[in-house]
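These notes are about the structure you will find just below.
A, B, ... follow the sequence lines: proteins, then strands. Residue 1 opens every chain.
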Amino acid sequence: MPELPEVETMRRGVLPVVGSCVKSIHFVASPYKKIRITPRRDVFRHRAVGQRITEIGRLGKRVLLHLENRHTIVIEPRMTGLLLLAEPPDEQHLRVGFQLRGPVPWLWFWDRRGLGSVRLMSERQLAIELGPQRVGPDALAITLDQLHARLRDSRRAIKVALLDQRAIAGVGNLYVSELLHVARIHPEKRCDRLTRNQWSRIHAAMLDVLREAIRYEGSTLSDGTYRNVLNQEGGYQHCHRVYGRPEKPCPRCQNSRVKRIVQAQRSTFFCPRCQRK
DNA sequence: CATATGTCCTGAGAGC
DNA sequence: TGCTCTCAGGACATAT
C-alpha cells in the first residue's frame, strides 16, 4: 500500500533516469484495459517518445516524471503498483514499459491488482486535475498552523480526516495508525475537540514517523506487494508499533493490548491505554 | 457545503 | 486436499 514513504522511496529510486530520453513505450496488451492509462496510447506515445526526463517529483502518493516538453507522466500506484528499474516479478501484471536511452534501459510500471494509473498530462491539465483544490499540502511540508487551520473545525474523527488527501497529502491507512500512537491520540477523537497541544503532537509525530519510514525505505507487508525500484523489500514493517498487530502488547505501556477497530471501512489499530478518548 | 458510503481490483488466508 | 468466501485500502463517484 504505497503511502508517502513508499512513494518517496520510489521517487528517489528512479532518480537515475533523470536526463534519459524516452525511446519507446510499451503498453502491455492484455491488462491494458484494466488500468487507467490516458490519453490513448498513440497520443501518449506521440507526446512522450523522444522527450528527455528532466526531473522526478512526488505529489502526495503519486510519482511525477517531468518531460522537457513540459508534459508530465503521472504514476499512481494505489494499492499494488510498483515502479521498477529491475526485472518485474512477473509478466502477467506488467502494465507499461518505458524504454529509455541512458544508463537504465527500462522503467516498468507493474501492478498486480490493477487499481493504479499512468497518465500523461499537460501543465494545464496537471494544474487543474491535481492542483491545490484536489491535493492538499504535502505531509512533510505542511506547517502546524496550516494543519490546524485546515482541520480544526472538522467534525470527523482525526484518523478519517488525516486520510483526506485534499486536506493533507501523503498519509494513508498504515501510517495514520502509527503516527496517532506516537502522538498518543485516540483515532476516534473528533478534530474539533482536539487541543492545540494535541495538534502539535500530531504534527510532530507525523513528521517523525514519515521521516523514519523513509529512512527504512517504507513498509513491505506480509502480502509482500510493496518493493523498491530494485524489487527489494522495505524495512519499516519491523518497526510498526500498532499497525497489523492486534492483541499484541503495546510497545509503549506493555500493559495493554493493541486494539483493532474499523473506521470508514478501514482498519485502525491503537492502544486503548496510551490513546485515550 | 461537509461528510458518508459504494466501487474497482487480485490473491492470500481462513474456514469447512 | 481443495473449494468458497472474506478481506486488504488507494482515489474517486455518488449519496446523504
Side-chain angles (χ1 to χ4, degrees), chain A residues 1-10 28 30-38 58-64 74-83 88-95 109-119 121 125-126 128-136 138-139 149-179 187-193 210 213 218-227 233-234 237 240 242-247 260-269:
Chain A
M1 48 167 78
E3 302 180 24
L4 188 151
E6 289 77 24
V7 178
E8 177 60 18
T9 303
M10 288 181 193
V28 181
S30 65
Y32 175 74
K33 296 188 193 86
K34 293 183 185 170
I35 76 159
R36 183 175 175 199
I37 296 173
T38 59
R58 180 178 58 75
L59 188 63
K61 301 171 190 169
R62 300 168 174 94
V63 175
L64 308 181
V74 179
I75 294 167
E76 191 178 304
R78 299 240 187 150
M79 292 300 291
T80 52
L82 296 181
L83 222 35
D90 64 47
E91 291 271 322
Q92 188 190 349
H93 302 100
L94 257 188
R95 310 293 177 161
F109 182 67
W110 181 94
D111 187 358
R112 197 177 65 195
R113 277 156 74 178
L115 297 173
S117 68
V118 176
R119 288 182 290 167
M121 296 191 192
Q125 195 181 359
L126 186 64
I128 294 169
E129 293 190 30
L130 296 175
Q133 309 277 12
R134 305 286 284 271
V135 183
D138 193 78
R150 283 175 164 260
L151 292 177
R152 63 179 297 171
D153 295 328
S154 173
R155 295 207 286 261
R156 288 176 293 179
I158 180 63
K159 143 78 187 307
V160 175
L162 288 173
L163 294 180
D164 180 353
Q165 302 298 298
R166 288 179 304 270
I168 171 173
V171 178
N173 201 54
L174 190 162
Y175 292 101
V176 74
S177 280
E178 292 296 310
L179 78 87
E188 289 178 311
K189 186 87 179 174
R190 273 170 54 161
C191 289
D192 58 358
R193 294 186 180 160
L210 295 176
S219 302
T220 299
L221 300 182
S222 53
D223 68 5
T225 38
Y226 172 71
R227 294 278 193 285
E233 289 193 0
Q237 63 280 7
H240 292 174
V242 289
Y243 183 83
R245 300 174 59 81
E247 300 305 320
R260 175 185 177 272
I261 58 173
V262 174
Q263 294 178 274
Q265 291 89 243
R266 268 97 179 123
S267 298
T268 305
F269 300 89

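Taking for each of A/Leu130 and A/Ser267 the nucleotide of DNA chain C with the nearest heavy atom, the 5'-most of the two is the partner of A/Ser267. Taking for each of A/Asp153 and A/Met79 the nucleotide of DNA chain B with the nearest heavy atom, the 5'-most of the two is the partner of A/Asp153.
By the side-chain hydrogen bond (donor to acceptor under 3.5 Å, both in side chains) test, A/Glu188 pairs with no residue at all, sequence neighbours left out. Here A/Ser177 pairs with nothing under the side-chain hydrogen bond (donor to acceptor under 3.5 Å, both in side chains) rule; sequence neighbours left out. Legend: residues meeting salt bridge (charged side-chain N to carboxylate O under 4.0 Å, His left out) with A/Glu6, ordered by chain and number and at least two apart, are absent. Listed by chain and number, the residues in a side-chain hydrogen bond (donor to acceptor under 3.5 Å, both in side chains) with A/Thr268 are A/Lys159, A/Gln263 (sequence neighbours excluded). The salt bridge (charged side-chain N to carboxylate O under 4.0 Å, His left out) search around A/Arg245 returns none, not counting sequence neighbours. Evaluation of the side-chain hydrogen bond (donor to acceptor under 3.5 Å, both in side chains) rule for A/Glu8 yields A/Arg11, A/Arg12, A/Arg58 as partners, not counting sequence neighbours. Applying the ring pair (Phe, Tyr, Trp, His ring centres under 6.0 Å) rule to A/Phe109 yields no partners; only residues at least two apart in sequence or on another chain are considered.
Fit an axis to the five pairs at each end of the helix from B/dA2-C/dT16 to B/dC16-C/dG2 and the two axes sit 50° apart, to the nearest 10 degrees.
Note that the first and last nucleotides of DNA chain C, 5' to 3', having any atom under 4.0 angstrom from a heavy atom of chain A are C/dA8 to C/dC12.
The pair A/Arg119-A/Glu129 meets the salt-bridge criterion, with a side-chain N (NZ, NE, NH1 or NH2) lying under 4.0 Å from an Asp/Glu carboxylate O.
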Find every protein N or O atom lying less than 3.5 Å from an N or O atom of nucleotides 4-8 of chain B, and list the pairs.
none

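With contacts defined as side-chain heavy-atom distances shorter than 4.5 Å, the pair A/Ser219/A/Tyr175 qualifies. Two residues are said to be in side-chain contact when any heavy atoms from C-beta on lie closer than 4.5 Å; A/Tyr243 and A/Val176 fail this criterion.
The stretch residues 162-169 of chain A has no heavy atom under 4.0 angstrom from DNA chain B at all.
A/Trp110 places its CH2 atom 10 Å from the C1' atom of B/dT10, with the value rounded to the nearest Å.
Proximity of A/His93 to the phosphate of B/dC9: no side-chain N or O atom is located under 4.0 Å from OP1 or OP2.
Taking both residues in full, the closest heavy atoms of A/Gly60 and A/Val7 are given as O-CG1, 4.2 Å, listed atom of the first, atom of the second, then distance.
Under the side-chain hydrogen bond (donor to acceptor under 3.5 Å, both in side chains) criterion, the residue pairs touching residues 161-170 of chain A are A/Arg156-A/Asp164, with sequence neighbours excluded.
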